[in-house]
Amino acid sequence: MTYYNLEAGDMIGIVGGGQLGKMMAQSAQKMGFKVAILDPDENCPAQYVAHEFINAAYSDDLALKRLGEISKVITYEFENIDAHQLETLSNQFNIPQGSETVALLQDRLTEKQTLQEANVNIVPFIEVKEISDLEEAIDEIGLPFIIKTRFGGYDGKGQLIIREKSELEEARKLVTDTPCVVEKFISLNKEVSITATRDIYNQTVYFPLQENEHRNQILYKTVVPARVDLENKAIEEVKKIMTKLHFVGTFTVEFFVTNDQDLFVNEIAPRPHNSGHYSIEACDYSQFDTHILAVAGWHLPKQISLLKPAIMMNLLGQDVNLLYETFYKHPEWHVHLYGKKVNKTNRKMGHITKLTEDLNKDEAMFNNLFEGRN
Ligand code: ADP
Ligand code: MG
């Protein structure tokens with residue numbers, strides 16, 4: 001693979017114009033790059049901070065080619081871009097992230113198989129292609145289990161928790177529609193994640209271990225530093241994963257922590273991640289800054305410093321009115337609104353980050369404020 005070192009004023013092409021594309025673009029512009037966004041939604045958040053906007057489907061070959069022609073490098077905020085198209089593009093244009101990692105990670109089955117090959121600890125799983133495989137899943141995995149579509153899931157979409165046999169009908173429907181995997185539903189003590197960035201010179205930097213709480217399988221809150229002594233162990237797991245997968249740019253590994261403090265790798269996002277948003281204010285480089293440095297072919301800082309402990313709360317559709325009622329009283333909350341036109345329940349509309357001297361106290365304050373909404 002040949003890489004290209006960008007110069008100030010060069011264009012970075014981003015596939016996907018959601019909040020991740022927007023925050024990548026803001027970092028890129030700070031460093032003097034121009035940004036072109038490709039997104040099917042004419043009102044997508046990133047287009048308002050882009051120099052060029054290509055309003056087209058992710059699968060539009062001509063539009064992708066145009067993005068390549070006007071950009072010195074292509075990156076993505078969205079890993080469900082068609083892997084074959086990405087491969088074709090990477091033969092023509094500079095795409096340091098390549099296409100293989102995306103191809104492996106956009107299918108939960110090959111993702112899990114890759115994790116197995118990397119010898120990391122993962123939750124037992126089984127491939128489920130047809131209804132009859134569900135019986136085998138019950139025999140092998142037991143109940144409760146969680147069934148997940150192999151392709152296209154995010155924020156808990158395409159997932160069902162099956163606690164008893166009487167609930168199997170829903171799982172049968174899911175399997176009839178699309179291939180799935182079933183995995184053991186484990187009792188979680190905590191969830192944590194590590195965000196890392198690798199540059200083209202083979203240097204990797206790690207953000208601090210992040211403690212995540214999900215509600216309805218959607219990220220609700222991130223607390224940093226995580227209140228569990230597993231950072232080194234998590235980094236060891238990330239290093240094992242890097243022996244099997246090529247990364248350039250920012251990526252995140254999500255983990256489950258059990259009551260016995262066992263660490264299981266859940267999944268990998270080959271792009272900046274919601275649980276790394278706190279880094280914009282709380283670290284000396286944000287996950288978007290390091291992503292842009294890496295894909296631009298620049299060097300990364302030797303390490304990332306957490307400047308202050310932080311709490312990040314997601315603002316979903318149902319939380320936005322809360323924000324208007326309350327946020328003007330709290331200039332110490334860093335408010336991010338993505339600029340999405342349509343507000344829907346459980347849609348990520350923004351987030352707030354608070355830097356804090358007292359994580360537990362501020363966590364209780366936020367829990368109280370958001371109580372009953374998620
Ligand atoms: P997504 O792609 O939607 O983020 P995940 O596989 O990360 O999918 O699942 C979303 C959330 O659902 C997890 O962060 C966790 O809270 C819960 N979850 C997923 N799998 C399991 C499991 N096997 N056991 C317990 N909880 C799970
Ligand atoms: Mg996840």
Side-chain angles (χ1 to χ4, degrees), residues 16 18-20 77-81 101-102 104-116 120-128 137-138 140-163 167 171 174 178-196 209-223 226 228 230 234 237-238 241 250-277 287 312 314 316 346-348 351 374:
Q19 62 267 28
L20 302 176
E77 64 137 25
F78 171 73
E79 70 268 38
N80 288 327
I81 177 173
T101 302
V102 159
L104 288 169
L105 296 184
Q106 65 187 207
D107 176 353
R108 284 194 199 272
L109 181 65
T110 53
E111 178 178 31
K112 286 178 187 301
Q113 287 164 341
T114 308
L115 288 169
Q116 261 177 338
V120 299
N121 207 16
I122 58 171
V123 173
F125 72 96
I126 184 169
E127 178 185 2
V128 175
I138 294 177
E140 257 196 47
I141 309 271
L143 289 170
F145 67 53
I146 182 162
I147 180 165
K148 302 181 180 180
T149 57
R150 277 175 56 181
F151 300 95
Y154 67 98
D155 288 345
K157 292 192 174 63
Q159 300 189 3
L160 288 170
I161 301 165
I162 306 294
R163 295 182 192 276
E167 295 169 351
L174 201 61
T178 178
C180 294
V181 292
V182 158
E183 63 183 64
K184 191 174 164 63
F185 187 75
I186 58 169
S187 164
L188 302 176
N189 178 272
K190 268 190 195 332
E191 290 186 73
V192 294
S193 60
I194 281 268
T195 296
L209 190 69
Q210 298 139 193
E211 178 179 331
N212 305 318
E213 186 181 332
H214 293 78
R215 301 248 169 124
N216 303 318
Q217 286 133 292
I218 303 170
L219 186 66
Y220 170 67
K221 176 202 311 161
T222 298
V223 171
V228 61
L230 286 168
E237 296 291 79
V238 177
I241 293 168
T250 295
F251 62 100
T252 292
V253 179
E254 297 178 17
F255 299 87
F256 299 139
V257 181
T258 65
N259 290 331
D260 300 331
Q261 305 288 290
D262 284 333
L263 195 64
F264 290 95
V265 175
N266 171 25
E267 62 169 355
I268 306 165
R271 51 162 172 80
H273 190 260
N274 196 169
S275 65
H277 288 356
Q287 63 164 346
M312 191 276 326
N314 264 340
L316 304 182
N346 286 345
R347 186 173 197 206
K348 290 175 180 170
H351 70 268
N374 297 291

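Every number for a ligand or one of its atoms is a count from 1 in the order of the listing. No hydrogens, no waters, no symmetry mates; every other heavy atom, side chains included, goes into these values.
- Across A171 and L160, no two heavy atoms sit closer than the pair N-CD1, 3.8 Å.
- Residues N266 and V123 form no side-chain contact, since every pair of their non-hydrogen atoms from C-beta on lies 4.5 Å or further apart.
- Near-neighbour remark for the Mg ion (ligand 2): protein N, O or S atoms under 2.8 Å are E254 OE1, E254 OE2, E267 OE2; waters not counted.
- Here E79 pairs with R271 under the salt bridge (Lys or Arg N to Asp or Glu O under 4.0 Å) rule; sequence neighbours left out.
- At a threshold of 4.5 Å between non-hydrogen side-chain atoms, the residues V223 and E213 do not count as touching.
- Protein residues having at least one heavy atom under 4.0 Å from any atom of ligand 1 are R108, I146, K148, G153, Y154, D155, G156, Q159, E183, K184, F185, I186, L188, E191, H214, Q217, E254, F256, N266, E267, listed by chain and number.
- Within a 6.0 Å radius of OH in Y154, no more than 12 heavy atoms belonging to other residues, nucleotides or ligands are found.
- Of the N and O atoms on the side chains of N121 and D262, not one donor lies less than 3.5 Å from an acceptor on the other residue.
- Side-chain contact between Q116 and I122 is present, with at least one heavy-atom pair separated by less than 4.5 Å.
- Side-chain contact between V192 and L263: present, with at least one pair of heavy atoms (C-beta onward) separated by less than 4.5 Å.
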Side-chain donor-acceptor pairs of residues 179-190 under 3.5 Å, sequence neighbours excluded:
residue : atom : partner : partner atom : Å
E183    : OE1  : K112    : NZ           : 2.6
E183    : OE1  : K148    : NZ           : 3.4
E183    : OE2  : K148    : NZ           : 3.2
N189    : ND2  : N259    : OD1          : 3.1
K190    : NZ   : E211    : OE2          : 3.3

